[in-house]
**Student:** 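What follows is a single structure, and I will ask about it in a moment.
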Amino acid sequence: MTEKKTDLSFEEALERLETLIESMESGDTPLDELVAKFEEGSTLLKTCRKKLTAAELKIEKLNPENGETDAFESESDRN
């Protein structure tokens with residue numbers, strides 16, 4: 001895979017993660033390859049979680065009056 005895992009869309013990352021899980025569950029994978037797939041899967045999982053969190057924040061900040069999103073202010077931005 002040539003592109004960075006963080007550059008993948010949520011759907012692409014999830015699809016790759018599902019493919020990795022299927023191949024790991026097959027039982028034919030050598031240990032070294034299994035560890036590499038586990039590491040890649042962990043990275044993909046973090047990517048998916050990050051994208052989901054960003055989407056949730058955007059939805060939560062959606063202004064119902066005009067349908068636009070309000071700027072999100074984190075705790076560190078306020079201090």
Side-chain angles (χ1 to χ4, degrees):
M1 184 170 271
T2 57
E3 60 187 318
K4 291 182 181 178
K5 287 158 191 66
T6 56
D7 293 342
L8 297 174
S9 70
F10 173 80
E11 292 79 7
E12 292 167 332
L14 185 60
E15 184 178 332
R16 176 66 183 147
L17 186 57
E18 289 172 346
T19 301
L20 283 172
I21 291 169
E22 287 175 12
S23 71
M24 290 170 70
E25 288 177 339
S26 72
D28 318 355
T29 310
L31 182 60
D32 290 342
E33 193 176 326
L34 193 61
V35 171
K37 288 182 178 191
F38 179 81
E39 290 172 344
E40 181 182 355
S42 293
T43 301
L44 289 165
L45 184 59
K46 288 178 187 175
T47 298
C48 288
R49 283 184 178 157
K50 182 178 177 181
K51 291 182 183 287
L52 279 175
T53 300
E56 288 172 350
L57 289 174
K58 193 170 190 176
I59 290 168
E60 288 174 4
K61 296 303 286 183
L62 188 63
N63 185 332
E65 293 176 19
N66 60 15
E68 296 179 9
T69 55
D70 294 333
F72 179 74
E73 219 179 89
S74 67
E75 287 292 321
S76 61
D77 291 341
R78 291 183 219 151
N79 296 330

**Student:** When rounded to the nearest 0.5 angstrom, what is the spacing between NZ in K58 and OG1 in T53?
**Tutor:**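 Spacing of NZ (K58) from OG1 (T53) equals 14.5 Å.
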**Student:** Mind checking whether L44 and L8 have side chains closer than 4.5 Å, heavy atoms only?
**Tutor:**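 SC-SC contact between L44 and L8 confirmed.
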**Student:** Keeping the roles fixed (side chain from E12, backbone from S9), state whether a donor-acceptor pair exists under 3.5 Å.
**Tutor:**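 Yes; judged by distance alone, with no hydrogens or angles, the pair exists.
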**Student:** Identify all side-chain donor-acceptor contacts of residues 18-25 below 3.5 Å with residues at least two apart in sequence or on another chain.
**Tutor:**
residue	atom	partner	partner atom	Å
T19	OG1	E15	O	3.0
S23	OG	L20	O	2.9
S23	OG	K37	NZ	2.9

**Student:** Excluding sequence neighbours, so at least two apart, what forms side chain to side chain contact (heavy atoms under 4.5 Å, CB included) with S26?
**Tutor:**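 Counting only residues at least two positions away or on another chain, S26 forms a side chain to side chain contact (heavy atoms under 4.5 Å, CB included) with D28, T29.
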**Student:** With sequence neighbours excluded, tell me which residues meet side chain to side chain contact (heavy atoms under 4.5 Å, CB included) with L52.
**Tutor:**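 Checked L52 against side chain to side chain contact (heavy atoms under 4.5 Å, CB included); matches are F10.
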